[in-house]
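See structure below.
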2 protein chains.
Amino acid sequence: MINDEISDNMRLHGVLTKEKYVKHLSVDCTIFSVQDARLKVLLLNWQDVEYWSLPGGFVKEDEDLDEAARRILYERTYLDNIFLEQFHTFGKVDRTSLKLSKDFLKARNLTFPDDHWLFERFISAGYCSLVDYTQISVFPRYNNESGKWFDLDKLPKLAFDHKEIVKKGSEYIRKNIDTQIAASNLLPEKFTMNELQSVYEAVLGENFRRNNFQRKILAMNFLERLEKLYDGSANKAPYLYRFRDVR
Amino acid sequence: MINDEISDNMRLHGVLTKEKYVKHLSVDCTIFSVQDARLKVLLLNWQDVEYWSLPGGFVKEDEDLDEAARRILYERTYLDNIFLEQFHTFGKVDRTSLKLSKDFLKARNLTFPDDHWLFERFISAGYCSLVDYTQISVFPRYNNESGKWFDLDKLPKLAFDHKEIVKKGSEYIRKNIDTQIAASNLLPEKFTMNELQSVYEAVLGENFRRNNFQRKILAMNFLERLEKLYDGSANKAPYLYRFRDVR
DNA sequence: TCAAAAGTGTTATTGGTACACCCATGT
DNA sequence: ACATGGGTGTACCAATAACACTTTTGA
């Protein structure tokens with residue numbers, strides 16, 4: 001366990017010194033999911049550091065920005081083939097803090113020279129995705145790192161400007177809810193209207209009348225009605241649906 | 001004139017070698033205006049270079065990304081206090097081209113070592129703004145550079161991925177037309193409903209019925225009705241309006 | 001036969017579109 | 001008085017919201 005931890009940190013140190021990254025540029029992912037009928041965001045925390053932060057990373061020199069975001073998401077969640085969208089780039093000079101950056105590295109027993117680019121100014125591209133948290137097989141990536149899902153109005157202390165990033169990310173998800181939900185893996189291949197409605201309600205944080213919801217969704221014409229689902233419950237069997245266009 | 005040109009280029013060279021910029025990061029501005037009842041975009045061209053490009057620039061190390069965009073817009077158009085919004089960041093590895101970059105510099109008689117960061121990969125944050133082209137006092141900035149407004153469906157050959165940037169920028173402007181027009185300086189302090197409608201029609205590229213347009217706009221409740229305008233024409237005097245919230 | 005949950009229908013309201021009409025204004 | 005362009009009213013249609021009723025299901 002201790003050995004794992006050391007080797008993890010060694011690996012990270014090696015990666016940050018040897019691998020070629022685009023300096024001053026990072027990607028931060030706001031990964032949302034639905035849990036207990038609420039929209040949650042995934043945050044990471046390192047042992048002995050007060051602040052939580054978004055799963056983020058750096059962009060390799062030979063890697064598209066979008067690719068970098070996909071890779072980072074994969075590294076954090078082992079989720080592949082996920083619909084990920086850029087929503088805003090955060091570029092305030094003082095958005096990161098030297099002290100906090102050092103604390104982060106100290107918590108992992110990493111040291112870098114004071115003039116390392118890690119301590120300079122960072123511009124960060126924000127990406128967002130809606131995922132099924134039960135399909136996230138393994139995180140965190142490092143032993144002294146922990147991940148947790150947070151309610152948007154019960155966020156812990158966040159590093160840097162990550163609170164603002166989460167806010168903008170969630171606004172983006174809500175504004176683009178139709179495509180986001182359709183492209184997410186939140187629902188199984190086939191699902192009932194009720195399940196779909198629950199997801200909408202969780203993401204938007206408001207309730208709809210089931211009949212009006214059904215009409216509205218069906219009018220958008222991206223659902224395909226399939227066979228009925230007999231799940232053994234003592235009521236009329238609901239139809240199953242599927243998103244029309246294959247992703 | 002020749003002297004001016006030389007000194008301009010010298011200045012640019014000096015700036016690019018001495019001033020501290022965030023490497024690999026640029027800002028490109030899509031500046032739109034309305035001319036002949038059509039939405040136009042401002043493009044720049046250097047003598048002896050086939051390709052046109054967006055007014056862009058680099059971000060200083062001690063400058064917010066938003067600030068950089070404002071500064072660049074000011075440098076190009078001498079427009080100040082302009083509503084400028086970020087809409088997307090373009091990060092493909094091959095979005096710039098080494099050859100074209102060299103051509104650009106050659107056209108200005110500038111030489112940089114081959115390993116200069118100017119020739120490396122660039123990530124560019126796209127900003128957009130709607131402005132009154134008649135209020136743009138002076139551009140271009142350099143003598144061998146010319147600026148011109150282009151119809152969106154009659155674009156010339158564009159450098160790098162600037163065509164895509166223009167497209168995304170115009171989509172953003174159209175999607176956010178209400179705030180964009182209200183925040184722009186396209187209209188004078190007081191204006192008639194007809195003038196407002198013309199701007200909407202130019203930006204969206206479609207026509208509306210005046211009475212329905214009026215209803216819709218007034219329902220949004222961001223206009224304040226003022227006195228009537230007697231301009232001497234032989235018809236009923238239209239009301240003047242003003243945007244409610246002061247910008 | 002009953003409760004639970006789904007499907008479907010009906011009406012009212014709202015927002016937008018099309019058309020019509022009247023009003024003010026300078027020539 | 002008249003053409004011009006602006007203001008306002010009304011009828012119509014589609015989308016949405018609110019409410020009601022019927023159907024299916026396993027216990």
Side-chain angles (χ1 to χ4, degrees), chain A residues 34 36-37 174-179 181-182 186-244, chain B residues 34 36-37 174-179 181-182 186-244:
Chain A
V34 170
D36 310 323
R174 289 190 175 126
K175 203 176 273 181
N176 299 283
I177 185 165
D178 296 330
T179 42
I181 288 183
L186 270 178
L187 292 165
E189 168 76 14
K190 303 172 180 185
F191 50 87
T192 64
M193 193 55 80
N194 205 355
E195 290 174 307
L196 181 64
Q197 183 174 348
S198 302
V199 176
Y200 267 84
E201 290 180 337
V203 173
L204 294 181
E206 56 180 318
N207 297 319
F208 306 102
R209 283 157 209 269
R210 69 191 168 81
N211 47 357
N212 293 336
F213 177 82
Q214 164 147 273
R215 220 192 310 273
K216 192 170 134 184
I217 293 290
L218 290 179
M220 292 196 284
N221 206 39
F222 56 55
L223 287 192
E224 197 177 342
R225 182 178 275 190
L226 307 169
E227 74 278 7
K228 291 189 172 188
L229 166 71
Y230 293 88
D231 65 350
S233 64
N235 52 42
K236 197 169 176 177
Y239 287 106
L240 285 170
Y241 293 90
R242 171 167 58 192
F243 288 111
R244 202 177 282 280
Chain B
V34 170
D36 309 323
R174 288 189 175 126
K175 203 176 272 181
N176 299 282
I177 185 167
D178 296 331
T179 41
I181 288 185
L186 270 179
L187 292 165
E189 168 75 14
K190 302 174 179 183
F191 49 87
T192 64
M193 193 56 78
N194 205 355
E195 291 175 305
L196 181 65
Q197 184 173 346
S198 301
V199 176
Y200 267 85
E201 290 180 338
V203 173
L204 293 181
E206 56 180 317
N207 297 320
F208 306 101
R209 283 155 208 269
R210 68 189 167 82
N211 47 356
N212 293 337
F213 177 81
Q214 164 146 269
R215 221 194 309 275
K216 192 171 135 185
I217 293 289
L218 290 180
M220 292 197 284
N221 206 38
F222 56 55
L223 288 192
E224 197 178 340
R225 182 178 275 189
L226 307 169
E227 74 279 6
K228 290 189 172 187
L229 167 71
Y230 293 89
D231 65 349
S233 66
N235 52 41
K236 196 171 175 179
Y239 287 107
L240 285 170
Y241 293 90
R242 172 167 58 192
F243 289 112
R244 202 177 279 283

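A quick note: this is a predicted structure, and the numbers were derived from the prediction, not measured.
When the ring-ring contact (aromatic ring centres under 6.0 Å, His included) test is applied to Tyr239(A), no partner is found at least two apart in sequence or on another chain. Scored by the side-chain contact (heavy atoms from CB on, under 4.5 Å) test, Gln197(A) finds Glu201(A), Phe208(A), Arg210(A), Phe213(A) as partners (sequence neighbours excluded). Considering only residues two or more places apart in sequence or on other chains, Ser233(B) meets the side-chain contact (heavy atoms from CB on, under 4.5 Å) condition with Asp231(B), Asn235(B). In this view, Asp178(A) and Tyr200(A) satisfy the side chain to side chain donor-acceptor pair (under 3.5 Å) rule, not counting sequence neighbours. With sequence neighbours excluded, the residues that form a side-chain contact (heavy atoms from CB on, under 4.5 Å) with Arg215(A) are Asn212(A).
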When the side chains of residues 216-229 of chain A are checked against the rest of the protein, which donor-acceptor pairs come out under 3.5 Å, sequence neighbours left out?
residue, atom, partner, partner atom, Å
Arg225(A), NE, Tyr241(A), OH, 3.0
Arg225(A), NH2, Tyr241(A), OH, 3.0
Glu227(A), OE2, Lys190(A), NZ, 3.2

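When the P atom of dG16(C) is taken as reference, atom CD of Glu206(B) falls 14 Å away, rounded to whole Å. Atom-to-atom, CG of Asn221(A) to P of dA15(D) comes out at 12 Å; the value is rounded to the nearest Å. Whole-Å rounding puts the Phe208(B) CZ to dT17(C) C1' distance at 12 Å. A straight line from OH of Tyr239(A) to C1' of dA5(C) spans 14 Å, rounded to a whole angstrom. Between the CG atom of Leu229(A) and the P atom of dT25(D) there is a distance of 11 Å, rounded to whole Å. We find that CZ of Arg210(B) is positioned 11 Å from P of dT8(D), with the value rounded to whole Å. As rounded to whole Å, 12 Å separates atom P of dG7(C) from atom CG of Leu196(A). Residue Met220(A) contributes atom CE, which lies 13 Å from atom C1' of dT16(D) at whole-angstrom precision.
Screening Leu196(B), Leu240(B), Leu186(B) for a side-chain contact (heavy atoms from CB on, under 4.5 Å) involving Phe191(B) leaves a single residue, Leu196(B).
Contacts with DNA chain D (heavy atom under 4.0 Å) in residues 212-219 of chain B: Gln214(B), Arg215(B), listed by number.
The main-chain N or O of Glu189(A) is never found under 3.5 Å from a side-chain atom of Arg242(A) such that the two would form a donor-acceptor pair.
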N/O to N/O distances under 3.5 Å, protein versus nucleotides 25-27 of chain C:
residue, atom, partner, partner atom, Å
dT25(C), OP1, Tyr230(B), OH, 2.5
dT25(C), O4', Asn235(B), O, 3.0
dT25(C), O2, Ala234(B), O, 2.9
dT25(C), O2, Asn235(B), N, 3.2
dG26(C), O3', Gly232(B), O, 3.4

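Between dG5(D) and Asn194(B), no contact under 4.0 Å exists linking OP1 or OP2 to a side-chain N or O. Between Arg209(B) and dT17(C) there is no side-chain N or O to OP1 or OP2 distance below 4.0 Å.
For Phe243(A) against Ala182(A), the heavy-atom pair with the smallest separation is CZ-CA, 3.6 Å.
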